[in-house]
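Please read the structure below before turning to the comments.
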Amino acid sequence: FTSLNHDMTLPEFKFIWYMEYSHRMWGRAVGLAYLLPAAYFWRRGCLSPPLQRRVLALCGLVCFQGLLGWYMVKSGLEEKPDSYDIPRVSQYRLAAHLGSALVLYSASLWTGLSLLLPQHKLPETKQLLRLRQYAHGTTALIFLTALSGAFVAGLDAGLVYNSFPKMGERWIPDDLLAFSPVLRNIFENPTTVQFDHRILGIASITAVTALYLFSRKIPLPRRTRMAVTSLLVVACMQ
């Protein structure tokens, strides 16, 4: 209100206030959904030593996620001597908050599926080993693409160009390396951030498609084949 939205009404303020409040309450509910059952099953002796370590790590990650959220929001309320136009949170802290959430979600899902579904015992063939390595590489690429999306959101980089596949009239925009030193462009230049996100997105869907095509050449269990097919469908929807 002080810096930009001088005509904001009280109902408009309440809308963004309740958005933030709901997010915080939901985050605390998630924390309780981890901590209370963990304490119960731990006290009952239901957790094996390896599972105890994993549960401790997950609970610690939940707390760390909340701390990162506070640290991120704090950056949006600090006076920035070099920017008075649009109050915004740090894109670095936003990416860290999103990355931590993705790690927490993936680790939780992996833990749950490991407990619910028996692991398939497959022969360690050369093709299967290559498929596993390629799947891990694709996972890392998708994770990096998602983090680059946080930089797009943090810098409002999506508003710079709205044409595809070209950016404006060019394949490579003129201001791609406008900042100095050059490394700053990757994290702070909205044009470069959007360009990188596009390239990473195209690379991700290409990698998922290649993973799917490669998996078709290998005899896999039905559950694994469903997972790979679902991955391709979701990638196309995304």
Side-chain angles (χ1 to χ4, degrees), residues 17-75 89-90 92-124 128-129 131-147 149-150 153 204 208 211-212 215 218 220-235 237-238:
W17 190 91
Y18 277 114
M19 287 282 287
E20 172 68 12
Y21 180 77
S22 301
H23 183 65
R24 293 186 184 202
M25 292 301 106
W26 187 258
R28 289 167 185 170
V30 169
L32 291 176
Y34 272 87
L35 296 172
L36 295 181
Y40 173 78
F41 289 117
W42 192 299
R43 186 177 180 84
R44 293 288 301 271
C46 301
L47 306 179
S48 64
L51 192 55
Q52 285 179 350
R53 291 191 291 269
R54 187 176 295 191
V55 166
L56 280 178
L58 287 171
C59 290
L61 195 54
V62 168
C63 298
F64 179 68
Q65 175 69 3
L67 182 64
L68 264 182
W70 166 81
Y71 187 58
M72 178 194 72
V73 171
K74 183 175 180 290
S75 69
V89 299
S90 163
Y92 297 100
R93 300 185 192 184
L94 178 60
H97 190 49
L98 174 63
S100 175
L102 289 173
V103 170
L104 174 61
Y105 178 79
S106 301
S108 302
L109 185 62
W110 184 273
T111 301
L113 291 177
S114 300
L115 295 171
L116 292 172
L117 300 175
Q119 186 176 3
H120 286 299
K121 298 296 182 181
L122 300 176
E124 292 290 332
L128 188 63
L129 182 61
L131 180 67
R132 185 180 291 121
Q133 292 172 340
Y134 194 77
H136 290 163
T138 303
T139 302
L141 180 60
I142 293 171
F143 181 75
L144 184 61
T145 304
L147 288 190
S204 290
V208 170
L211 178 68
Y212 171 79
S215 72
I218 306 173
L220 295 172
R222 179 174 176 272
R223 197 171 74 205
T224 308
R225 196 164 297 286
M226 285 177 58
V228 177
T229 304
S230 300
L231 178 63
L232 178 63
V233 171
V234 172
M237 288 174 61
Q238 176 71 358

4.5 Å side-chain heavy-atom contact, [X] and [Y]:
| X | Y | value |
| --- | --- | --- |
| Arg53 | Pro50 | yes |
| Tyr105 | Gln65 | no |
| Tyr34 | Leu104 | yes |
| Ser108 | Leu58 | yes |

I'd like to know if the side chain of Thr111 and the backbone of Ala107 have a donor-acceptor N/O pair within less than 3.5 Å.
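The answer is yes, because a donor-acceptor pair under 3.5 Å joins these two groups.
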Counting distance only, does the side-chain N/O of Ser75 pair as donor-acceptor with the main-chain N or O of Met72 below 3.5 Å?
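Yes, Ser75 side chain to Met72 backbone: donor-acceptor pair under 3.5 Å.
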Plane angle bin for Trp17 and Tyr21 - parallel if under 30°, tilted between 30 and 60°, otherwise perpendicular:
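Aromatic pair Tyr21/Trp17 classed parallel.
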Is it true that atom [atom1] of [X] has more than 12 heavy atoms of other residues, nucleotides or ligands lying nearer than 6.0 Å?
| X | atom1 | result |
| --- | --- | --- |
| Arg223 | CZ | yes |
| Glu20 | CD | yes |
| Trp42 | CH2 | yes |
| Gln238 | CD | no |

Using every non-hydrogen atom in the two residues, find where [X] and [Y] come nearest and quote the distance to one decimal.
| X | Y | value |
| --- | --- | --- |
| Thr224 | Leu220 | CG2-CD1, 4.2 Å |
| Ala96 | Leu68 | O-CD1, 3.5 Å |
| Leu98 | Ala146 | CD2-O, 3.4 Å |
| Leu232 | Val208 | CA-CG1, 3.7 Å |

